[in-house]
There are 2 protein chains.
Amino acid sequence: MLRGAELRVTRPRMAVLSAVHDHPHADTDSIIHVVRENLGEVSHQAVYDVLHALTDAGLVRRIQPMGSVARYEARVGDNHHHAVCRSCGAVADVDCAVGAMPCLTASDHHGFTIDEAEVIYWGLCPDCSSAHQS
Amino acid sequence: MLRGAELRVTRPRMAVLSAVHDHPHADTDSIIHVVRENLGEVSHQAVYDVLHALTDAGLVRRIQPMGSVARYEARVGDNHHHAVCRSCGAVADVDCAVGAMPCLTASDHHGFTIDEAEVIYWGLCPDCSSAHQS
DNA sequence: ACACAAACTTGAATCATTCAAGATTATGTG
DNA sequence: CACATAATCTTGAATGATTCAAGTTTGTGT
């Protein structure tokens with residue numbers, strides 16, 4: 001598969017990687033459960049280690065909106081952003097509206113060397129939005 | 001002062017509010033220390049309560065970049081953003097480059113009702129930037 | 001001055017995440 | 001194909017920010 005990242009191929013790693021692919025924006029706990037459904041007992045520490053390794057290798061991306069635990073997604077390298085529901089915490093992908101790397105226009109402010117702009121759109125997901133109206 | 005927010009005026013609240021004003025982007029622990037320098041012993045729980053109350057009242061804003069604990073700032077209502085140093089965690093204010101509420105252009109994606117766009121610019125602060133080059 | 005709800009104190013609990021030590025296992029080599 | 005070795009996993013405990021809960025104190029309007 002993807003051992004091009006100098007990573008050993010182990011059962012837990014394959015399971016975690018496919019779990020992240022199949023469940024975008026899942027938190028660590030959900031991933032642990034999915035992995036255990038496929039492999040039987042796996043230590044939570046192993047899952048944490050693997051997620052760290054995959055994140056460092058750039059195979060998954062870690063996101064963590066305020067008030068949420070860490071979540072992971074497999075869509076990397078395309079600088080997309082996220083919409084987060086204030087009510088239920090649901091996360092959806094949002095493509096850059098302006099094009100590639102649009103938000104880096106505020107570069108070099110205060111002497112900072114900016115290399116990435118992370119955007120989080122806060123609001124209500126469709127379900128919570130209609131629930132609030134009623 | 002600012003009791004227009006239906007908040008009782010207590011010593012801890014005044015101390016916390018001025019601490020946040022004097023130390024922008026300070027974390028809870030720092031605020032606790034500053035408050036204690038002015039009032040003597042104050043329970044951490046009180047500071048947490050006050051920060052919550054002030055946040056709910058809109059007098060302070062809570063920010064929490066990934067990998068950081070909660071931080072608070074008194075600059076509210078102007079939709080500015082933040083630059084965060086990947087190395088030391090320093091935070092700097094960044095005005096919207098495009099104008100007021102610029103990043104809401106991606107509104108209504110996936111049926112979400114967006115009410116705020118939060119932008120975090122990741123990079124290196126001046127100090128860490130020069131340290132890395134050497 | 002009083003009453004009552006809001007705010008504070010004290011002390012313990014929660015929970016995601018990390019640390020540490022020892023047992024397994026994937027991978028390149030002989 | 002068996003081995004050595006470092007990477008990875010297991011087990012179990014620790015950390016640390018934040019929250020919960022019960023009881024006491026205090027600000028505010030009457």
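Numbers restart at 1 for each chain; the letters A, B, ... are given by sequence-line order, proteins then strands.
Under a cut-off of 6.0 angstrom, the local environment of CZ in A:Arg11 is sparse, with at most 12 non-hydrogen atoms contributed by other residues, nucleotides or ligands.
Protein atom CE of A:Met14 is 14 Å distant from nucleotide atom P of C:dT25, rounded to whole Å. A straight line from CG of B:Asp29 to P of D:dT18 spans 9 Å, rounded to a whole angstrom. Rounded to whole Å, atom P of C:dT25 lies 13 Å from atom CG of A:Leu39. Counting to the nearest Å, the C1' atom of C:dT17 and the CD1 atom of A:Ile31 are 14 Å from each other. In this entry the distance linking CD of B:Glu41 with P of C:dT10 reads 7 Å, nearest Å. In this structure, A:His44 atom NE2 and C:dA20 atom P are separated by 15 Å, rounded to whole Å. Rounded to whole angstrom, the span from the CZ atom of A:Arg11 across to the C1' atom of C:dA26 amounts to 13 Å. Distance, A:Ile32 CD1 to C:dT17 P: 9 Å, rounded to whole Å.
Residues B:Arg71 and B:Gly89 come closest through the heavy atom pair NH2-O, 3.9 Å. Closest non-hydrogen pair, B:Asp115 versus A:Arg86, comes out as OD1-NH2, 2.6 Å. Heavy-atom minimum distance, B:Arg13 versus B:Ala53: NH2-CB, 4.1 Å.
The aromatic ring centroids of A:His80 and A:His82 lie less than 6.0 Å from each other.
Non-hydrogen atoms lying under 4.0 Å from DNA chain D are contributed by B:Tyr48, B:His52, all within residues 48-56 of chain B.
The side chain of A:Leu7 lies closest to D:dT8 when the candidates are C:dA7, D:dT8, C:dT17. Counting only heavy atoms from C-beta on, B:Gln45 has its side chain closest to C:dT9 among D:dG12, C:dA7, C:dT9. You'll find that the side chain of B:Ala46 is closest to C:dC8, out of D:dT10, C:dC8, D:dT18.
Applying the 4.0 Å criterion to OP1 and OP2 of C:dT25, one finds that A:Arg8 has every side-chain N and O outside that range. Contact check, B:Thr10 against C:dA6: no side-chain N or O comes under 4.0 Å of OP1 or OP2.
B:Met66 is not listed as a side-chain neighbour of A:Met66, based on a closest heavy-atom distance of 4.5 Å or more.
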